[in-house]
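For the numbers below, each heavy atom of this structure counts, side chains included, while hydrogens, waters and symmetry mates do not.
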Amino acid sequence: MMTNDLNKVLARIDQDLPDALDRLQDLLRIPSVSTDPAFASDVDRAAQWLVNDLNNLGFSARKDETPGHPMVVATGGAQDGAHLLFYGHYDVQPVDPLDLWNTDPFDPVIEDTANGKVIRARGASDDKGQLMTFVEACRAWLAVHGTLPVKLTFCMEGEEESGSPSLVPYLEANRDALRADLALICDTGLFDAQTPAITTMLRGLLGEEIIIHGPARDLHSGAFGGAAMNPARVLARILADLHDDQGRVTLPGFYDGVPELTDALRSQWDGLGFDADAFLGSVGLKHPAGEAGRSALEMIWSRPTCEINGMTAGYTGAGFKTVLPARASAKVSFRLVGSQNPQELRAAFRDFVRARIPADCRVEFIDHGASPASVMETSHPAFEAARAALSDEWPKPAAFVGAGGSIPIAGYFKSILGMDSMLIGFAKDDDQIHSPNEKYDLDSFHRGIRSWARIIDAVSRA
Ligand SMILES: [Zn+2]
């Protein structure tokens, strides 16, 4: 639904775009590299830049000090109605290797490319360009209407690119001040150049290392082979047993809490036209290796996995050695979905391994951490409202999508602040984030601002 209120805001955004670009370039000139202490004062300067900008817009903004870099927090907007928390980060990755940049990473330039105009600088996409899409959408609303139709809290981090050491303690200490109805996180990408996406499911991760000990020392296979149990043989049997010939994981209880896709989500994913051949072809493969009968998108977004990430045993150097090793080890990880319970699965995995250890061997386990999947409550009306708003702005309809990897902030908002997140971003696969010559398409920036203006409007009515 297009309202007159929104129309005016969109027109304002179009008219103000050159100034919005100037402001983004200002922010990009500040080398806020969070991991390198030499840039600490620059990180602080970027935080102050945002505080000043938000205060100028009429928000009540401040820098909250942490043991590391400051958190930029701001509040404003409507007194009542929907309350949104916006998250982005103003720190950036280091620029090394500098000699691979074609321009100064902290002197942003606007370039014409075969795919349209781009702004090129460190942070242009990740995440300064992205977070400014939201700030600019607010600016346009405020310029036209003097207020926002939603209540708004900003929480912008300066340590995202260096492991977020202060984030969890900060969220825990400021639960009440930060809790909102819903979080908006702008640090993800489009599905493709035409198709926006809201990430609504993020897989969790469970990591385990197993070390199987056999004979007291490495043995000569001529002297002991046949009589002595070989831990590499034990390990190979265990790892082979983890999948059946249909690609399913065989741990008892592994699929407890793994939901089937709803018909609505399945049809959205079918509509994306995902090219599995091209996806696997780009890494020299042809055949999806997951569960039989599942699509490649399901395999990477909505199905759990078990992967062997490393194996060691015996002699792996040049030439040959007839060793019968004293030990063998493997690192195994599981990507988790739905309500799979990491602790229960860790116990199930250890039971599975122990049951396969022969009398002459023993096993040692190392815990490499675990986090459950994040699954957003898309029945909250804001999700469909935001999806419709995005679909109005972009050439192709928006979809709820999954993310195969983890985005910890969404999990923290859920576990610490008790709220779901809408992960919406306008980055493209070729933005070269974290790499030399990072860029953000001006189309992403412009449509991104318009998208947020529409989403703010839609969520306020949802
Ligand atoms: Zn980022």
Which is it for His89 and Glu157 under the side-chain hydrogen bond (donor to acceptor under 3.5 Å, both in side chains) test, yes or no, and what are the steps along the way?
CA-CA 5 Å; His89 63 91; Glu157 193 191 355; over 6 Å; no

Hey, does Arg12 have a side-chain heavy atom less than 4.5 Å from the side chain of Val9?
no

Electrostatic pair Asp443-Lys117, nearest N-O below 4.0 angstrom:
no

When you check the gap from the basic side-chain N to the acidic O, do Arg203 and Glu307 get nearer than 4.0 Å?
no

Can you find a heavy atom in the side chain of Leu21 that is under 4.5 Å from one in the side chain of Ile119?
yes

Under a 4.0 Å threshold between the charged nitrogen and the carboxylate oxygen, would Arg139 count as salt-bridged to Asp53?
yes

For the ring pair Phe349 and Phe254, is the centre-to-centre distance below 6.0 Å?
no

Check step by step if side-chain hydrogen bond (donor to acceptor under 3.5 Å, both in side chains) holds for His446 and Asp14.
CA-CA 8 Å; His446 187 190; Asp14 296 348; 2.7 Å; yes

Show your working on side chain to side chain contact (heavy atoms under 4.5 Å, CB included) between Arg175 and Leu417 and close with a plain yes or no.
CA-CA 6 Å; Arg175 266 195 188 92; Leu417 302 180; 4.1 Å; yes

Identified side chain to side chain contact (heavy atoms under 4.5 Å, CB included) counterpart of Phe59 within the set Val73, Thr75, Leu152
Leu152

Look at the rings of His380 and Phe383 and say which category their plane angle falls in: under 30° parallel, 30 to 60° tilted, over 60° perpendicular.
perpendicular

Starting from the C-alpha separation in whole Å, work towards a yes-or-no answer on salt bridge (charged side-chain N to carboxylate O under 4.0 Å, His left out) for Asp420 and Lys414.
CA-CA 6 Å; Asp420 281 325; Lys414 183 82 175 181; 2.8 Å; yes

Any side-chain heavy-atom pair from Leu190 and Thr195 closer than 4.5 angstrom?
no

Is it true that Arg303 and Glu298 make a salt bridge, defined as a side-chain N closer than 4.0 Å to a carboxylate O?
no

Whether Arg29 and Asp26 form a salt bridge (side-chain N of Lys/Arg under 4.0 Å from carboxylate O of Asp/Glu) is what I want to check.
yes

Under the side-chain hydrogen bond (donor to acceptor under 3.5 Å, both in side chains) criterion, do Trp141 and Thr147 qualify, and how do the steps go?
CA-CA 7 Å; Trp141 264 102; Thr147 182; over 6 Å; no

State yes or no: are the ring centers of Phe426 and Phe445 separated by less than 6.0 Å?
no

Within the distance-only criterion (no hydrogens, no angle test), does the side chain of Thr113 pair as donor or acceptor with the backbone N or O of Asn115 below 3.5 angstrom?
yes

Identify all side-chain donor-acceptor contacts of residues 268-279 below 3.5 Å with residues at least two apart in sequence or on another chain.
| from | atom 1 | to | atom 2 | distance (Å) |
| --- | --- | --- | --- | --- |
| Gln268 | OE1 | Phe400 | N | 2.7 |
| Trp269 | NE1 | Phe400 | O | 2.7 |
| Asp275 | OD1 | Asp277 | N | 3.1 |
| Asp275 | OD1 | Ala278 | N | 3.0 |

Check whether the side chains of Gln432 and Glu438 place a donor and an acceptor atom closer than 3.5 Å, and report yes or no.
no

Under the side chain to side chain contact (heavy atoms under 4.5 Å, CB included) criterion, do Tyr90 and Ser34 qualify, and how do the steps go?
CA-CA 9 Å; Tyr90 63 86; Ser34 60; over 6 Å; no

Output yes when a side-chain donor or acceptor of Asp36 lies under 3.5 Å from a complementary backbone atom of Ala38, and no otherwise.
yes

Partner of Lys439 by salt bridge (charged side-chain N to carboxylate O under 4.0 Å, His left out), out of Asp429, Asp112, Asp431
Asp431

Thr312/Ser329 under side-chain hydrogen bond (donor to acceptor under 3.5 Å, both in side chains): CA gap, chis, key distance, verdict
CA-CA 5 Å; Thr312 63; Ser329 72; 2.6 Å; yes

Are Pro94 and Thr35 packed together at the side-chain level, in the sense that at least one heavy-atom pair is separated by less than 4.5 angstrom?
yes

Between Ser32 and Lys128, do the side chains contain an N or O donor and an N or O acceptor separated by less than 3.5 Å?
yes

Could you check whether Asp126 and His434, counting side-chain N and O atoms only, form a donor-acceptor pair closer than 3.5 Å?
yes

Answer yes or no: is there an ion pair linking Arg23 with Asp19, defined by an N-O contact shorter than 4.0 Å?
no

Donor-acceptor pairs under 3.5 Å, side chain of residues 330-337 to any protein atom, not counting sequence neighbours: which ones?
| from | atom 1 | to | atom 2 | distance (Å) |
| --- | --- | --- | --- | --- |
| Lys331 | NZ | Glu209 | OE1 | 3.0 |
| Lys331 | NZ | Glu209 | OE2 | 3.3 |
| Ser333 | OG | Asn309 | OD1 | 2.7 |

Tell me the closest heavy-atom pair linking Ala410 and Ser421, and the distance in Å.
CA-OG, 4.0 Å

Can you name the closest pair of heavy atoms from Val258 and Ser302 and give their distance?
CG1-O, 4.5 Å

Just do the salt bridge (charged side-chain N to carboxylate O under 4.0 Å, His left out) check on Asp176 and Arg179 with the steps written out, would you?
CA-CA 6 Å; Asp176 294 336; Arg179 189 175 290 124; 3.4 Å; yes

Indicate yes or no: at least one non-hydrogen side-chain atom of His83 is less than 4.5 angstrom from one of Thr153.
yes

Return yes if a side-chain donor-acceptor contact under 3.5 Å exists between Asp44 and Gln48, otherwise no.
no

Close side-chain approach of Phe154 and Leu84, heavy atoms under 4.5 Å:
no

Hey, are the side chains of Trp452 and Cys186 touching, using non-hydrogen atoms and a 4.5 Å cut-off?
yes

Would Arg45 and Asp42 count as a salt bridge (charged side-chain N to carboxylate O under 4.0 Å, His left out) if you check the C-alpha gap in whole Å, the side-chain angles of each, and the deciding distance to 0.1 Å?
CA-CA 5 Å; Arg45 213 147 49 85; Asp42 296 305; 2.8 Å; yes

Residue Tyr412 excluded, over 12 heavy atoms near OH under 6.0 Å:
no

Taking NZ, NE, NH1 and NH2 as the nitrogens, is one of them in Asp367 or Arg346 under 4.0 Å from a carboxylate oxygen of the other?
yes

Quick one, Leu167 with Glu159, criterion side chain to side chain contact (heavy atoms under 4.5 Å, CB included). Give me CA distance, side-chain angles, the key distance, then yes/no.
CA-CA 8 Å; Leu167 182 64; Glu159 299 184 330; 5.9 Å; no

Note, Val95 side chain near Phe106 side chain (heavy atom, < 4.5 Å)
yes

Heavy-atom nearest pair, Asn437 first then Arg120, reads O-NH1, 2.8 Å

Ala74 versus Leu54, closest heavy-atom pair with distance
CB-CD1, 3.8 Å

Using only atom types and a distance under 3.5 Å, with no angle test, would you say the side chain of Gln130 pairs donor to acceptor with the backbone of Thr188?
yes

State whether the number of non-hydrogen atoms from other residues, nucleotides or ligands found under 6.0 Å of Asn56 atom CG is greater than 12.
yes

